[in-house]
K.L.:
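Here you go, one structure.
Protein chains get the first letters and strands the later ones, always in sequence-line order, with residue 1 at the start of each.
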Protein chains: 2
Amino acid sequence: MVENDIFRALADPTRRLIFEKLASGGMNASALGEGIGVSQPAISQHLGVLRDARLVREERRGRFVHYEVDPDGVALIAGWLAKYRAYWPARMDALRGVLKEMDP
Amino acid sequence: MVENDIFRALADPTRRLIFEKLASGGMNASALGEGIGVSQPAISQHLGVLRDARLVREERRGRFVHYEVDPDGVALIAGWLAKYRAYWPARMDALRGVLKEMDP
DNA sequence: AGAAAACATAAGCCGATACTTATGAGTCGC
DNA sequence: GCGACTCATAAGTATCGGCTTATGTTTTCT
């Protein structure tokens with residue numbers, strides 16, 4: 001299931017760290033691994049999980065592989081969350097402000 | 001960490017099933033267990049995880065315990081997701097429509 | 001061609017975790 | 001008080017998941 005892959009992918013703190021680092025700009029796998037205290041294969045495996053969850057997409061660039069956030073995965077979370085909009089408390093109108101600021 | 005508890009709680013499909021069932025209306029633990037194919041202790045343990053993640057809150061009612069969705073947890077997810085609003089694709093303006101419809 | 005670099009895959013280990021059965025702790029009705 | 005009921009906790013087990021080291025694959029550079 002799609003939602004299952006997404007939430008399982010985000011359940012791991014190392015994977016969230018990778019994702020959040022990637023959200024600040026696309027980069028290749030080795031650059032992603034810097035600062036995170038795990039081996040290169042671990043990074044590769046994490047990226048595989050994030051890719052299967054559609055949170056990340058890759059593009060070969062010579063011998064590098066460029067990774068970037070996949071908007072599809074983010075949209076899937078937003079879609080899931082929208083089902084529970086009835087429970088968003090009033091103070092979350094900060095989020096509404098954010099969305100308004102996105103308007104053209 | 002708070003986010004960690006939330007995403008770990010949602011990573012399990014049985015727990016998401018419980019949460020989604022609860023989102024359609026509060027109920028007690030035994031009613032929650034019906035239909036889900038696991039034992040009563042398993043339901044109780046899942047509810048404990050969801051409660052620790054602030055996705056669910058409980059209230060004693062005699063010998064029953066009434067459970068309901070905790071808006072705080074939902075808000076925490078929304079807050080996390082808001083950090084990646086730059087990646088919400090255009091078609092997610094459906095969500096913006098939803099939020100406008102929440103306006104007074 | 002050959003070495004080096006970037007990344008992926010394989011295999012194995014170990015701790016986390018979701019489940020079970022058994023039992024405990026409160027609460028209600030007779 | 002006592003049995004029935006609701007729910008939580010304890011303890012044990014088996015699978016899952018993230019990590020490691022070792023190795024394979026592809027590309028680049030000389």
K.L.:
Ignoring hydrogens and angles, tell me if any N or O in the side chain of B:Y87 forms a donor-acceptor pair with the backbone of A:A23 under 3.5 Å.
P.N.:
yes
K.L.:
How many whole angstroms separate atom CG of B:L47 from atom C1' of C:dC19?
P.N.:
15 Å
K.L.:
Check side-chain hydrogen bond (donor to acceptor under 3.5 Å, both in side chains) between B:R8 and all other residues, then give those that pass, not counting sequence neighbours.
P.N.:
none
K.L.:
Who passes side chain to side chain contact (heavy atoms under 4.5 Å, CB included) against B:L17, sequence neighbours left out?
P.N.:
B:I36
K.L.:
Mind calculating the distance between NE2 (A:H66) and P (C:dC7) to the nearest angstrom?
P.N.:
11 Å
K.L.:
For A:V49, which residues count as a side chain to side chain contact (heavy atoms under 4.5 Å, CB included) partner, sequence neighbours excluded?
P.N.:
A:A9, A:R15
K.L.:
Does one hydrophobic cluster hold both B:W80 and A:W80, with members joined at side-chain heavy-atom distances below 4.5 Å?
P.N.:
yes
K.L.:
Which angle, rounded to 10°, do you find between the first-five-pair axis and the last-five-pair axis of the helix from C:dA1-D:dT30 to C:dC30-D:dG1?
P.N.:
20°
K.L.:
Polar pairs (N or O, both sides) under 3.5 Å between protein and nucleotides 11-18 of chain D?
P.N.:
{"from": "D:dG17", "atom 1": "OP1", "to": "A:R8", "atom 2": "NH1", "distance (Å)": "3.0"}
{"from": "D:dG18", "atom 1": "OP1", "to": "A:R15", "atom 2": "NH2", "distance (Å)": "2.8"}
{"from": "D:dG18", "atom 1": "OP2", "to": "A:R15", "atom 2": "NH1", "distance (Å)": "3.2"}

K.L.:
Quick one: salt bridge (charged side-chain N to carboxylate O under 4.0 Å, His left out) pairs with a partner in residues 22-36 of chain A, sequence neighbours left out?
P.N.:
none
K.L.:
Whole angstrom is fine here: how far is it from CG in B:L50 over to C1' in C:dT17?
P.N.:
14 Å
K.L.:
Could you pull out all residues at least two apart from B:R61 that satisfy salt bridge (Lys or Arg N to Asp or Glu O under 4.0 Å)?
P.N.:
B:E59
K.L.:
Give the rounded distance in Å between these two atoms: CD1 of B:I18 and P of D:dC7.
P.N.:
13 Å
K.L.:
B:R63: what forms a salt bridge (Lys or Arg N to Asp or Glu O under 4.0 Å) with it, not counting sequence neighbours?
P.N.:
none
K.L.:
B:E59 CD to D:dT6 P: how many Å, rounded?
P.N.:
18 Å
K.L.:
Might you point out which heavy atoms bring B:I18 and B:L32 nearest each other, and give the distance in Å?
P.N.:
O-CD2, 3.9 Å
K.L.:
Produce the list of close N/O pairs, under 3.5 Å, pairing protein atoms with atoms of nucleotides 24-30 of chain C; give distances to one decimal.
P.N.:
none

K.L.:
Assigning hydrophobic clusters by single linkage (Ile, Leu, Val, Met, Phe, Trp, Tyr; side-chain heavy-atom cutoff under 4.5 Å), is B:Y84 placed with A:M27?
P.N.:
yes
K.L.:
Near DNA chain C, under 4.0 Å by heavy atom, which residues of residues 21-37 of chain A?
P.N.:
A:N28, A:A29, A:S30
K.L.:
If you define the side chain from C-beta out and look only at heavy atoms, does anything of B:R57 sit under 4.5 Å from B:R51?
P.N.:
no
K.L.:
Taking the side chain as everything from C-beta on, heavy atoms only, tell me whether B:V69 gets closer than 4.5 Å to B:L55.
P.N.:
no
K.L.:
Between atom CZ in A:F64 and atom P in D:dT27, what is the gap in whole Å?
P.N.:
14 Å
K.L.:
Could I get a table of every N or O pair under 3.5 Å where one atom is in the protein and the other is in nucleotides 22-24 of chain D?
P.N.:
none

K.L.:
Side chains of A:V74 and A:F19, heavy atoms from C-beta outward: is any pair under 4.5 Å?
P.N.:
yes
K.L.:
Does the side chain of B:E68 reach to within under 4.5 Å of the side chain of B:V56, using non-hydrogen atoms?
P.N.:
no
K.L.:
Quick one: is D:dT6 close enough that its OP1 or OP2 comes under 4.0 Å of any side-chain N or O from B:Y67?
P.N.:
no
K.L.:
For B:R16, which residues count as a salt bridge (Lys or Arg N to Asp or Glu O under 4.0 Å) partner, sequence neighbours excluded?
P.N.:
none
K.L.:
Once you round it to whole Å, what is the distance between P of C:dA18 and CZ of B:R16?
P.N.:
12 Å
K.L.:
Linking I/L/V/M/F/W/Y whenever their side-chain heavy atoms sit closer than 4.5 Å, directly or via other members, would B:L76 and B:L81 fall into one cluster?
P.N.:
yes
